[in-house]
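Here the structure comes first, spelled out in structure tokens, and everything after it is commentary.
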Amino acid sequence: MHDTRRHSDPLERLRADRARAFEVGDPCAGLCTVASVDAAGHPAARTLVLRELEGRFAVFTNRTSPKWTQFERSATVAVVVWLPMLNLQYRLQCTTHPVPDALVHASWLLRPDVPKRLDWFYTTAASQGTVIADRRALLDGLAGVSLPEPLTAPPTAAGRYLEPHSIDRLDLAQPDGVHDRRHFEWRGNDWVETVRVP
Ligand SMILES: Cc1cc2nc3c(=O)[nH]c(=O)nc-3n(C[C@H](O)[C@H](O)[C@H](O)COP(=O)(O)O)c2cc1C
């Protein structure tokens with residue numbers, strides 16, 4: 001007999017778990033790993049800051065990076081949120097959608113100086129991930145970036161909303177030692193929860 005039932009929104013649970021992780025100073029509370037498929041068909045994964053914009057999950061990156069094209073072209077990406085201080089893992093399958101540039105650019109203005117310079121460097125000198133002669137060349141290049149007056153985000157600063165449709169929550173913190181694994185599928189108007197063998 002399968003225990004299949006409609007349940008509370010797993011996204012609310014993820015939000016509550018992240019809030020708890022921030023409270024206890026979990027170093028991964030604000031992060032996720034996003035996996036996509038590169039042009040050669042190989043998996044590619046990287047750590048990104050997991051943001052919440054007006055109640056939706058989102059990541060910010062730069063359009064000059066190959067991952068931007070991967071996000072645009074893939075039907076879905078896989079996202080992992082690991083909260084070590086809570087012993088909690090979330091695995092999400094998400095579609096991605098563009099964040100309006102105006103939202104990204106407003107938040108970009110709050111970034112520290114170096115990431116701002118880097119974003120302009122990607123735009124005017126060398127795309128993210130390209131080969132550069134050495135670190136000195138990078139530092140000189142960054143120092144030489146002329147930022148616009150008044151300061152604005154470059155057109156390459158961009159973001160994608162992550163819209164999960166499948167969520168797997170694995171909670172290792174069980175007093176009896178048996179991990180609690182729950183799977184949530186979005187069925188168009190509600191989440192359906194199943195318990196899975198961990
Ligand atoms: C803790 C941490 C947070 C990061 N956050 C971001 C981020 O929000 N956006 C981003 O583009 N890269 C972020 N990075 C860097 C990416 O993991 C990656 O190295 C970089 O984006 C280059 O990826 P690419 O080779 O696909 O262009 C972060 C790295 C770490 C370790």
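Positions are given from 1, in the same order as the sequence printed here. As the structure lists them, so they are numbered: ligands from 1, and atoms in each ligand from 1.
With Ser36 as the fixed residue, the side-chain hydrogen bond (donor to acceptor under 3.5 Å, both in side chains) test singles out one of Lys67, Arg46, Arg73: Arg46. A side-chain contact (heavy atoms from CB on, under 4.5 Å) with Leu48 is found for one member of Leu162, Val79, Val59 and no other, namely Val59.
With respect to atom 10 (C) of ligand 1, the closest heavy atom belonging to the protein is Leu48 CD2, 3.3 Å. Nearest protein heavy-atom contact of atom 23 (O) of ligand 1 is Lys67 NZ, 3.0 Å. Scanning all protein heavy atoms for the shortest distance to atom 22 (C) of ligand 1 gives Gln128 NE2, 3.4 Å. Ranking the protein heavy atoms by distance from atom 27 (O) of ligand 1 puts Ser65 OG, 2.6 Å first. For atom 18 (C) of ligand 1, the closest non-hydrogen atom of the protein is Arg46 CB, 4.2 Å. The protein heavy atom nearest to atom 11 (O) of ligand 1 is Thr61 OG1, 2.8 Å.
Close approach of ligand 1 to Phe60 is summarised as follows: ligand atoms under 4.0 Å from at least one heavy atom of the residue are 7 (C), 8 (O), 9 (N), 10 (C), 11 (O). Atoms of ligand 1 found under 4.0 Å from any heavy atom of Val49 (numbered from 1 in listed order, with element): 5 (N), 6 (C), 7 (C), 8 (O).
Arg18 contributes a side-chain N or O that, together with a main-chain N or O of Ala29, makes up a donor-acceptor pair within less than 3.5 Å. Side-chain atoms of Thr156 do not come within 3.5 Å of backbone N or O of Asn62 as any donor-acceptor pair.
Residue-environment remark: CD (Glu54) stays at or below the threshold of 12 foreign heavy atoms within 6.0 Å.
The nearest pair of heavy atoms linking Leu92 to Cys94 is CB-SG, 3.8 Å.
For ligand 1, the polar-atom distance check against Pro66 finds no nitrogen or oxygen pair separated by under 3.5 Å. No N or O atom of Leu31 sits closer than 3.5 Å to an N or O atom of ligand 1. When only interatomic distances are considered, the shortest N/O to N/O separation between Asn62 and ligand 1 does not fall below 3.5 Å. For ligand 1, one of its N or O atoms has an N or O atom of Thr47 under 3.5 Å away.
In summary, Arg20 and Asp17 engage in a salt bridge, as defined by a charged side-chain N under 4.0 Å from a carboxylate O.
No side-chain heavy atom of Arg51 sits under 4.5 Å from any side-chain heavy atom of Phe57.
Relative to the ring axis of Phe71, Arg160 does not place its NZ or CZ within 45° and under 6.0 Å from the centre.
For atom 14 (N) of ligand 1, a protein heavy-atom neighbour is found at a distance under 4.0 Å.
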